[in-house]
Every structure is written in structure tokens, then in C-alpha cells.
Protein chains: 2
Amino acid sequence: MTKKDVAGETPPPRAKRLPRAVRERQILDAAVRVFSERGYHAASMDEVSDVAGISKPMIYAYLGSKEELFAACIQREATRMMEAIGGVVDVHLDPEEQLWRGVLAFFTFVGENRDSWQVLHRQAGTQGAPFAAELAEGRRRAIAMISALLDRAAGKEGVGAFAEGQTEPLAAALTGAGEALAEWWLEHPEESPKAMARRLMNLSWMGFGNLVLGRAWHPDRTA
Amino acid sequence: MTKKDVAGETPPPRAKRLPRAVRERQILDAAVRVFSERGYHAASMDEVSDVAGISKPMIYAYLGSKEELFAACIQREATRMMEAIGGVVDVHLDPEEQLWRGVLAFFTFVGENRDSWQVLHRQAGTQGAPFAAELAEGRRRAIAMISALLDRAAGKEGVGAFAEGQTEPLAAALTGAGEALAEWWLEHPEESPKAMARRLMNLSWMGFGNLVLGRAWHPDRTA
DNA sequence: AAGTAGTCTTACTCATCAGTAGGTAAGCCT
DNA sequence: AGGCTTACCTACTGATGAGTAAGACTACTT
């Protein structure tokens with residue numbers, strides 16, 4: 001046995017004749033686990049069915065093909081995450097406070113849902129068109145959200161000029177930094193979500209803070 | 001034909017009886033292309049052999065198994081990239097100047113080697129242990145390099161305190177931001193490497209700049 | 001009790017590759 | 001010329017894994 005058994009802990013209780021909705025949840029839970037562990041291609045439907053404690057044809061009956069199953073995973077997890085973050089952001093608040101809350105919610109979610117995170121971050125991005133599209137859509141929404149926030153921050157400070165068409169790449173960079181920090185976190189699990197969030201704020205906000213005030217960095221400024 | 005043909009432009013000239021070293025280069029070139037296009041698992045050795053204009057057994061004879069071939073790709077491209085960046089960084093320079101040069105070299109390399117970048121960034125990270133290790137090693141070196149640079153920057157400003165054990169995650173975040181910007185760049189190819197590099201500097205250095213001066217962001221600072 | 005709708009299984013088919021066996025032929029030495 | 005090495009090929013094997021056919025069991029109707 002070269003491959004580790006993904007199940008192991010929870011030997012499928014093989015409960016009988018459960019309603020469809022319940023089975024679908026079980027299947028999705030299993031699929032997220034297996035996909036996150038093995039990656040899309042290396043994951044087999046047989047293993048998903050094993051972990052879910054159900055036979056393979058049921059998966060095809062309920063969720064369709066492997067592609068459709070994976071897409072369903074992405075969508076469910078992306079929605080869960082966006083809801084977790086969206087839930088704490090209040091448009092009437094200070095942009096800085098909003099960013100802090102969002103970032104904190106992000107790290108809290110990742111800390112509590114490693115598998116979801118793996119599926120979204122590592123797997124979805126690297127597979128063919130259908131998922132990349134699905135994922136890109138979610139990321140685009142996140143970036144748009146942050147980008148709008150930065151625009152508002154810039155506007156509030158009365159220095160909106162720098163921002164025209166510039167906040168989007170910066171928002172992209174910020175999400176990238178967040179993803180990288182989440183990655184780093186996997187190897188330093190002793191850190192709290194709050195500590196991680198603070199790191200990202202220090203990197204980004206103190207940087208953005210200066211940009212917002214019109215203090216930009218440029219090449220030939222060097223001493 | 002559902003799959004796009006990865007070759008297409010360059011119909012393999014089928015030159016005959018070339019020396020081994022040349023063939024190996026051709027095979028690696030083809031492999032990088034196919035892996036970057038399809039991803040590790042979806043790429044088939046048959047397609048690599050097609051694109052390389054050589055038969056499959058030659059690949060096995062020269063480069064070994066599929067895993068070994070992929071590992072060889074990663075190593076070659078990672079080395080090329082590290083050399084491109086390392087070549088412009090001079091330890092005697094100002095940290096800020098060093099960072100600027102490194103960042104610029106990074107975007108220049110990515111701009112000129114999209115395929116290499118795809119293989120390194122998207123594919124290598126998501127496959128099993130052997131490659132993740134190979135890749136993590138490269139990334140670790142990059143992060144260590146940046147981390148050391150930040151330490152020096154902090155020391156130079158006489159505010160080394162904040163930096164103890166703190167620069168590594170920040171360096172990780174910086175590389176993540178760089179990767180995300182490179183990704184964003186793929187959809188906005190009209191941007192110059194210099195413009196991309198400046199974006200990253202604005203985000204990171206202006207942020208780091210404050211940190212270095214002991215001006216850190218913290219949660220309950222909010223207005 | 002008999003129909004029927006929904007749950008669930010075993011046991012296949014069939015395509016796709018990784019990897020190889022066993023060979024041909026071209027250049028390069030004497 | 002004849003041998004020897006290296007480049008190169010066609011044509012297989014064997015495993016894995018997506019997807020399905022065909023039916024069995026259960027429980028809820030009427």
C-alpha cells in the first residue's frame with residue numbers, strides 16, 4: 001500500500017437508505033476531502049465513493065460526471081467562503097476597518113477549512129477550462145470587492161487620482177499575498193488567524209496607506 | 001479533434017540523427033510546453049514526443065520516466081529563473097535598490113518565458129510529493145533571499161526589533177503578491193515589465209518602508 | 001396486496017496511457 | 001569491407017479508472 005488511506009478515521013457506517021439530500025452532502029464532503037488530498041486527476045471516483053460510504057453509481061446518479069462533481073465542490077466551497085467573508089463586511093464602515101475584518105474572516109475560514117482551501121486554491125486553478133472559469137469567477141468577485149474598497153479609500157482621502165485603473169492589479173496582488181500567507185501558515189500552524197491577518201495588514205495597508213496619500217514609490221527615487 | 005494541437009506552428013523538421021545533448025534540449029523544450037499547456041497529469045508522453053519531433057522510447061532512454069522528465073523541467077526552469085534574478089542582485093547595494101532590481105528581473109523573466117512560468121507556478125505546486133519538494137526548495141531559496149534582504153533593510157534603519165522571525169512570512173507574502181501580479185499580467189499583456197515591477201514595489205516597499213521605521217499597523221488603531 | 005418511486009449494489013465495458021520489447025538503420029571506426 | 005555504437009522506430013502489454021447495464025431491495029402509497 002503506497003497510497004495513504006484518506007478515510008481511516010471514519011469507517012463508513014454504511015447507514016441504509018438515506019434521503020437524497022443527505023447523500024449528496026456526504027458525497028460532496030468526501031469529494032472535497034479526496035480532491036484536496038490527491039488533486040483532481042489523481043483522485044478516483046472509486047475512492048470518493050469509498051470515503052463517502054456509498055457505491056459509485058450513486059455518485060453518477062446524483063452529481064453527474066467527475067467534472068460536474070468537481071465543479072459542484074468548487075462552487076459550494078467558494079460560496080461558503082465568500083459568505084464567511086461577506087458576512088463581516090459592512091459597507092458603511094471605514095475602508096480600513098472593512099479590510100481588516102475581511103482579512104481576518106479570510107484567515108479564520110482557512111484555518112477552519114483546510115480542505116476547502118486546498119481544493120479552491122491549489123486544485124481548481126490548475127485544471128482545464130471549466131474549473132478555471134468557475135474559480136476565476138470567484139476570484140474576480142473577491143478582487144472586485146477589494147478593488148472597490150481601495151477606490152473608496154482613495155476617494156475618502158481625496159487623492160483619487162492615483163487609483164484610476166490601478167487598484168485592480170493591487171487588489172490581485174493583495175489576494176496573492178493572502179494566499180501565500182495561508183500557504184506559509186500550513187507550515188506554521190501555531191500561529192493564530194489574528195496574527196496572520198495582522199501580517200497581511202502590515203504588508204498591504206501600510207503600503208496602500210501611503211499610496212492613498214499620494215506617496216508612491218518610483219524607480220529613480222533611490223538614495 | 002477536441003484538444004487543440006500544442007505544436008501547430010513549428011512542424012517538427014524531423015532532422016535525423018542529432019547528438020544526444022541536442023535531443024535532450026528539444027525534449028525538455030517540448031515537455032515544458034506540453035506540461036504548461038495541459039498540466040502534469042493530462043499531459044501525455046505521446047504528445048511530448050510528437051511536439052519534440054521524436055519517438056517516445058527516446059524520451060525514456062534519455063530522460064527516464066514521466067516523473068523524472070517533469071522534475072528535470074522544473075529544475076531547469078527554476079535554475080534559469082534564479083540565475084536571471086540572481087544575476088542582477090548585488091549584495092553591496094542598497095536593499096531597496098536590490099529589491100527593485102530583483103523584482104524587475106523577475107517580471108522580465110516571466111514576460112519572456114510564459115511557459116516556464118506556468119510549469120513552475122501552476123503545475124509543480126499541485127502535484128505529488130517529489131515535485132512539491134523540488135519546487136518548495138526553489139521557493140524557499142527565493143524567500144530566504146528576500147527575507148535576508150528585509151533583515152538587512154531593518155538593521156540598516158536601526159529598527160531591527162520588529163524583524164525577529166517576522167520577515168519570513170512577509171517575504172512569503174511578497175512572493176505570493178508577485179505571483180498573483182504575474183497571473184494578472186497574463187490577462188493584461190500590454191503592460192511592461194517595468195510597470196508591473198513598479199506596482200509590486202508600491203505595494204510592498206511602501207508597506208515595508210513603514211514597518212522598517214517601526215510604524216506597524218495594528219487592529220485597534222482604527223479611527 | 002400489489003404497484004411504484006426512489007435508493008442502492010455488483011459486475012461489467014471500453015478508452016487512455018505509462019512503459020517496453022525487439023527491431024532497423026545510420027555513422028564511425030579500423 | 002566489416003564490425004560496433006548510438007540514434008531511432010513500430011507495435012505491442014498491462015494497469016488504471018471513468019462511466020454503465022441490469023437488476024435488487026425497501027418503503028410508501030392506494
Side-chain angles (χ1 to χ4, degrees), chain A residues 1-7 12-28 30-31 34-35 37-73 123 127-128 130-131, chain B residues 1-6 12-31 34-35 37-73 123 127-128 130-131:
Chain A
M1 168 134 54
T2 55
K3 293 183 175 181
K4 274 181 309 188
D5 189 356
V6 143
R14 289 273 166 185
K16 290 177 180 179
R17 294 191 79 71
L18 296 176
R20 173 167 184 158
V22 176
R23 284 298 189 206
E24 284 187 353
R25 265 221 327 277
Q26 291 181 344
I27 293 171
L28 283 176
V34 175
F35 282 135
E37 186 99 348
R38 305 242 185 269
Y40 174 72
H41 248 98
S44 79
M45 296 298 267
D46 286 297
E47 185 170 4
V48 173
S49 73
D50 268 13
V51 173
I54 202 175
S55 72
K56 203 164 45 146
M58 294 308 296
I59 303 181
Y60 283 91
Y62 288 166
L63 276 311
S65 68
K66 186 182 185 184
E67 278 202 3
E68 288 172 296
L69 175 62
F70 188 52
C73 288
Q123 306 311 328
Q127 308 308 331
F131 320 128
Chain B
M1 172 146 42
T2 57
K3 292 182 174 183
K4 274 180 309 187
D5 188 358
V6 144
R14 289 272 167 186
K16 288 178 182 181
R17 292 191 79 71
L18 297 176
R20 174 167 186 158
V22 175
R23 283 297 189 207
E24 284 187 354
R25 264 222 328 277
Q26 291 180 345
I27 293 171
L28 282 176
D29 290 344
V34 174
F35 282 134
E37 186 99 348
R38 303 243 185 270
Y40 174 72
H41 249 99
S44 78
M45 297 296 268
D46 287 298
E47 185 170 4
V48 174
S49 73
D50 267 13
V51 174
I54 201 173
S55 74
K56 202 162 49 144
M58 294 308 296
I59 302 181
Y60 284 92
Y62 287 166
L63 277 312
S65 68
K66 187 184 186 185
E67 278 202 4
E68 288 173 298
L69 174 61
F70 188 52
C73 288
Q123 306 310 328
Q127 309 306 331
F131 320 128

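In this text the structure is predicted, and so the values were computed from the model without any measurement. So that the names make sense, note that chain A is the first sequence line, chain B the second, and so on, each numbered from 1.
- Applying the salt bridge (charged side-chain N to carboxylate O under 4.0 Å, His left out) criterion to B:Arg20, with sequence neighbours excluded, gives B:Glu24.
- The separation between B:Arg38 atom CZ and C:dA18 atom P is 12 Å, rounded to whole Å.
- Under the side chain to side chain contact (heavy atoms under 4.5 Å, CB included) criterion, A:Asp46 pairs with A:Ser44, A:Lys56, not counting sequence neighbours.
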Can you give one letter per nucleotide of nucleotides 18-25 of chain D, going 5' to 3': B for a protein heavy atom under 4.0 Å from the base, S for sugar-phosphate only, - for none? BBBB---B
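- Residue B:Tyr62 places at least one side-chain N or O under 4.0 Å from the OP1 or OP2 atom of D:dA7.
- By the 4.5 Å heavy-atom criterion applied to side chains, A:Tyr60 and A:Glu68 are not counted as neighbours.
- B:Leu63 places its CG atom 15 Å from the C1' atom of C:dG19, with the value rounded to the nearest Å.
- Residues B:Lys66 and B:His41 share a closest heavy-atom pair of NZ-O, 3.4 Å.
- Classified by interplanar angle (parallel below 30°, tilted 30° to 60°, perpendicular above 60°), the ring pair B:Phe70/B:Phe35 is perpendicular.
- Using a 4.5 Å cut-off on side-chain heavy atoms (C-beta onward), A:Leu69 and A:Ile27 make contact.
- Dashed line: the shortest gap from a side-chain N or O of B:Arg23 to OP1 or OP2 of D:dC8 is under 4.0 Å.
- In this entry the distance linking CE of A:Met58 with P of D:dT26 reads 15 Å, nearest Å.
- Rounded to a whole Å, the CD1 atom of A:Ile59 is 15 Å from the P atom of C:dT7.
- In this structure, CD of A:Glu24 is placed 15 Å from C1' of C:dC8, rounded to the nearest angstrom.
- Between A:Arg20 and C:dC8 there is no side-chain N or O to OP1 or OP2 distance below 4.0 Å.
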